[in-house]
Amino acid sequence: MGDLNIQLRLNGVVVDDTTLPVRSAVVLGDFPGASVLFPGASVRVRRVGKDLHALGRGLKEGESVTLRLPTISVELRHTEPRRQRGAFAQAVIDHRFLMAMVVVVLVGTWIDAVGAWLHRQPGAAVTTTPLWRDAALEQRATLNVSDGRNGAMGPPPLDGPAHRPDKYATQFGYWRWLNDSVLVDQRLADADARLLADPEDTESRRIVAKAAYNSGHYDAAAWHYAQLVEADELDANAALRLAWALRRDGAHRAERDLYKKLLDREPDHVLALSGMVMSEIRLGRPGDAMRAFDALQTIAPDHPYTDLTASFVDAHLGNERQAVRSLARALEHRERLDREMQLELKRDIAIDPVFASLRGRADLRGALRRHLGAASPRATR
C-alpha cells in the first residue's frame, strides 16, 4: 500500500511537497484540522483496499489527480511506499510563510468581495468590523459569499460566544472526531459552478450552504441559508439550518426568532422546540425556556434531542453528572436520527460552549466509548 503525495503550486511555483500515510482517510485543504493546509477547497482522501480515492477517482500506485483552483493547483499522487522526495521538497518549508503567501494573493479579492456585498445592502454604512468576522480569509473562494444579487440580510448581532474547538483545554480530539464523520459532497464543485451562473438555483445553493456548514464556515452557511429563506419564507428546512448556523456563530436572538416562526406554523416541531429551549437559556430567559422544554417533553419524551436538551439544561445549571447521563441516553438512541442529525448531535457535543465542562470528564468519554467504540474521540496528548 502506497502513500499520498501532495504537491502544492502557487502561480505555477512549487511551494509544498508532502507525503502522508493514509491508513483510513485524511482531509486536506481549508477544512479545520486538515493534514495539509491550502485555501479554496476541502478534499477527503480515503483508502479502499490497495487504492486511494480522491476527487471522485480511484488511484492505483503511480496514478495522480490534480485539483485546479485560482492561482493554486494541488496534485494528489498515490506513490510507492517511502517514496523519495525531490530536491525542492527536501528543503525545510515554513508553512506559516506558505499560508502568508496564499493570503497575500487572495486577500485583495476578499476585501473587494466584502465591500461589494456591503454596498449592495440598502442603507449600508461603512464599518470597520469584518462582515464575516475572523472566518473571512478562511472561506472557500468558490462559496459565492459575495453574491448579493438576491439581497440577503446583513449579519445579525451576536448574543453569545461562537462555537469553536477546545482541544487544548480538554486534551481530547472532539473536533477531529466530528470532522472524521463529515463526508465531502462530490456534487459541490458542479453546484458551485451552477450557482455562479444562476444565483436563483436553490438546489445548488443548498449543497453549497451545507458544505459551508459542515466545514465550520458558519457565517458563510448562514449567508446562503438566508438567501433560501428570503426566496421562500415557507422553506422550513432552510429556516432550521439558518438557525443552526446562527447558533454556531453566537447570534442567539436571531436564532430564537426563526424557531418562533417555525413553531407558529408547526407547534410540534421537535427540533425547533429543542432549539427554542437552548436559545432562550442562552438569552437569559429561563421561564420561556422551561415552558418550551415542558412542551418538548410532552410531545417527544423519548426523542434523542429531548435527552440532548435535558443535558443542555443540566450542564447550564452545573449538574454535570446528570448532564452526562442525559447525553449517554441521546447517544444510546442516536440510530433513531437520520445521518444529518446524528452528525448534528456530534457537533453539539464537540463544540457547544455549554458542554465545555463535560468534554474533559471521564464519564462522558466512557459513555462515548461504550456507544461508539473505536469511533469515539481520542486523546490529543
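Side chains are part of it too, since the values below use all heavy atoms of this structure and drop only hydrogens, waters and symmetry mates. Please read these numbers as outputs of a predicted model, since none were measured by experiment.
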_Side-chain touch Ser376/Arg369, heavy atoms, less than 4.5 angstrom_ = yes
*4.5 Å side-chain heavy-atom contact, Glu280 and Met276*: yes
*Do Arg248 and Asp348 sit within salt-bridge range, that is, some charged N less than 4.0 Å from a carboxylate O?*
yes
*Considering all heavy atoms, the nearest Arg44-Ala25 contact*: NH2-CB, 3.9 Å
*asked:* Quick test of your reading of the model: are Glu63 and Lys60 salt-bridged, counting only N-O distances below 4.0 Å?
replied: no
*Going through the distances and angles, do Arg164 and Asp249 end up as a salt bridge (charged side-chain N to carboxylate O under 4.0 Å, His left out)?*
CA-CA 9 Å; Arg164 297 294 183 262; Asp249 258 355; 3.2 Å; yes
_Looking at Arg46 and Asp51, is there a salt bridge between them, counting it only when a charged N and a carboxylate O are closer than 4.0 Å?_
no
*asked:* Any donor-acceptor pair under 3.5 Å linking the side-chain atoms of Thr19 with those of Asn5?
replied: yes
_Minimum heavy-atom distance Leu188-Ile207, with the two atoms named_ = CA-CG2, 4.0 Å
*May I ask you to decide if the ring planes of Trp244 and Tyr213 are parallel, tilted or perpendicular, using 30° and 60° as cut-offs?*
tilted
*Under 3.5 Å: donor-acceptor pair, side chain of Thr309, backbone of Tyr305*: yes
*Hey, are the side chains of Arg253 and Leu283 touching, using non-hydrogen atoms and a 4.5 Å cut-off?*
yes
*Any chance the side chains of Ser73 and Thr66 put a donor and an acceptor closer than 3.5 Å?*
no
*If you round to the nearest 0.5 Å, how far is CG of Leu8 from CG of Leu37?*
10.0 Å
*Is a side-chain donor or acceptor of Arg47 paired with a backbone partner of Val22 at a separation under 3.5 angstrom?*
yes
_Within the 4.5 Å heavy-atom criterion, are Arg247 and Met278 side-chain neighbours or not?_
yes
*Of all the heavy-atom pairs spanning Ser279 and Tyr259, show the shortest one and how long it is.*
OG-CD1, 3.9 Å
*If you look at every heavy atom in Trp175 and Gly216, which pair is closest and at what distance?*
CH2-CA, 4.4 Å
*Report the C-alpha separation of Leu331 and Ile349 in whole Å, then their side-chain angles, then the decisive distance to 0.1 Å, and conclude whether the side-chain contact (heavy atoms from CB on, under 4.5 Å) test is met.*
CA-CA 10 Å; Leu331 289 165; Ile349 295 172; 4.1 Å; yes
*Pairing of Lys261 and Asp264 as salt bridge, 4.0 angstrom limit*: no
*Is there a side-chain contact between Leu20 and Leu28 (heavy atoms, below 4.5 Å)?*
yes
*Does some side-chain heavy atom of Leu273 sit less than 4.5 Å from a side-chain heavy atom of Val277?*
no
*asked:* Counting only heavy atoms not in Arg68 (residues, nucleotides, ligands), do more than 12 fall under 6.0 Å from its CZ?
replied: no
*Is there a donor-acceptor contact under 3.5 Å from the side chain of Arg176 to the main chain of Pro377?*
no
*Go through the steps to decide whether Leu296 and Val270 satisfy the test side-chain contact (heavy atoms from CB on, under 4.5 Å), and finish with yes or no.*
CA-CA 6 Å; Leu296 177 63; Val270 171; 3.8 Å; yes
*Would you call Glu340 and Arg241 a salt bridge, taking side-chain N to carboxylate O under 4.0 Å as the test?*
yes
_salt bridge (charged side-chain N to carboxylate O under 4.0 Å, His left out) between Asp288 and Arg291, intermediate numbers included_ = CA-CA 5 Å; Asp288 290 337; Arg291 281 189 286 276; 2.3 Å; yes
*Look only at the side chain of Asp159 and the backbone of His252, and say whether a donor-acceptor pair between them is shorter than 3.5 Å.*
yes
*Over all atoms of both residues, closest heavy-atom pair of Ala54 and Leu76*: CB-CD1, 4.0 Å
*Taking atom CZ of Arg321 as the centre, does the number of heavy atoms from other residues, nucleotides or ligands within less than 6.0 Å exceed 12?*
no
*Can you find a pair of side-chain heavy atoms, one from His303 and one from Leu337, that are under 4.5 Å apart?*
yes
*Are any of the side-chain nitrogens in Asp235 or Arg206 under 4.0 Å away from the carboxylate oxygens of its partner?*
yes
*Inspect the surroundings of CZ in Arg336 and state if more than 12 heavy atoms from other residues, nucleotides or ligands are less than 6.0 Å away.*
yes
*Less than 4.5 Å apart, any side-chain heavy atom of Asp185 and any of Lys210?*
no
*Sub-3.5 Å donor-acceptor pair from the side chain of Arg378 to the main-chain atoms of Tyr174, do we have one?*
no
*Tell me yes or no: between the side chains of Arg329 and Ser326, is some donor less than 3.5 Å from an acceptor?*
yes
*Among Val74, Ile6, Leu67, side chain to side chain contact (heavy atoms under 4.5 Å, CB included) partner for Val43*: Leu67
*Taking Ser311 for its side chain and Ala323 for its backbone only, find out whether a donor-acceptor pair lies under 3.5 Å.*
yes
*What heavy-atom pair brings Thr298 and Pro301 nearest, and what distance separates the two atoms?*
O-CD, 3.8 Å
_Side chain Thr306, main chain Asp302, donor-acceptor under 3.5 Å_ = no
*Examine distances only and state if a side-chain atom of Trp177 and a backbone atom of Ala375 form a donor-acceptor pair shorter than 3.5 Å.*
yes
*With distance as the sole test, does Arg205 use its side chain to make a donor-acceptor pair with the main-chain N or O of Tyr225 at under 3.5 Å?*
no
_Sidechain-backbone polar pair: Asp338 side chain, Met341 backbone, donor-acceptor under 3.5 Å_ = yes
